[in-house]
Amino acid sequence: MSVDELNNQEKIWQVVASIPAGCVASYGQVAAMAGLARAARLVGRTLKNLPKDTNLPWYRVVNGQGEISLPKASPVYYIQKQQLEAEGVAFNPNGKINLKKFGWQP
DNA sequence: ACCCTGACTTATT
DNA sequence: CAATAAGCCAGGG
């Protein structure tokens, strides 16, 4: 296992941890901030690898459409939604977020 | 080494 | 607005 690969994860963690409360960032956005412009998928995989007791605000990361990239039937989906709402992020009736308003660094 | 899959994105039809 | 295709990175069989 190379150090560089661990650095990628570390970068992603740092970027996700840098997302201000009340805002959301897309996977591509996070990847770009981490220096991995086209590794949006890697971000998703990295978050999936996170332990459930992580202190990382992974719930502030959504897909490019401002929608949670998880099945609505999954418990993690509700957790993410509740966490975001608790921070002031509003969801549309369709379950989408207005990135124009809550997107990170508009 | 090869092929498939995945918490993705963007452009096109 | 919805469905499709192609592109990209890393992991697992």
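Here the structure is a predicted model, which means the values were calculated and not measured. Excluded from the calculations below are hydrogen atoms, water molecules and symmetry mates; all remaining heavy atoms, backbone and side chain alike, are included. Throughout, a chain's letter reflects where its sequence line sits, starting with A, and its residues are numbered from 1.
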Please state how far atom [atom1] in [X] lies from atom [atom2] in [N], giving the value in whole angstrom units.
| X | N | atom1 | atom2 | value |
| --- | --- | --- | --- | --- |
| A:Leu99 | B:dT10 | CG | P | 11 Å |
| A:Gln9 | C:dA10 | CD | P | 11 Å |
| A:Asn8 | C:dA10 | CG | P | 6 Å |
| A:Trp13 | B:dA7 | CH2 | P | 19 Å |
| A:Ile97 | B:dA7 | CD1 | P | 18 Å |

Given side chains that start at C-beta, do those of [X] and [Y] come closer than 4.5 Å, heavy atoms only?
| X | Y | result |
| --- | --- | --- |
| A:Glu87 | A:Tyr59 | yes |
| A:Leu42 | A:Gln9 | no |
| A:Leu84 | A:Arg60 | yes |
| A:Tyr27 | A:Ser69 | yes |

Pairs of donor and acceptor atoms involving the side chains of residues 89-106 of chain A, under 3.5 Å and at least two apart or interchain, shall be tabulated with distances.
{"unit_1": "A:Asn98", "atom_1": "OD1", "unit_2": "A:Lys100", "atom_2": "N", "d": "2.9"}
{"unit_1": "A:Asn98", "atom_1": "OD1", "unit_2": "A:Lys101", "atom_2": "N", "d": "3.4"}

Atom pair OH (A:Tyr77) and CD (A:Gln82), whose distance is rounded to the nearest 0.5 Å: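 A:Tyr77 atom OH to A:Gln82 atom CD measures 10.5 Å (nearest 0.5 Å).
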
Positions of residues 42-76 of chain A (non-hydrogen atom under 4.0 Å from DNA chain B), listed by number: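 The stretch gives A:Gly44, A:Leu47, A:Lys48, A:Trp58, A:Asn63, A:Gly64, A:Ser69, A:Leu70 as the residues lying under 4.0 Å from the strand, ordered by number.
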
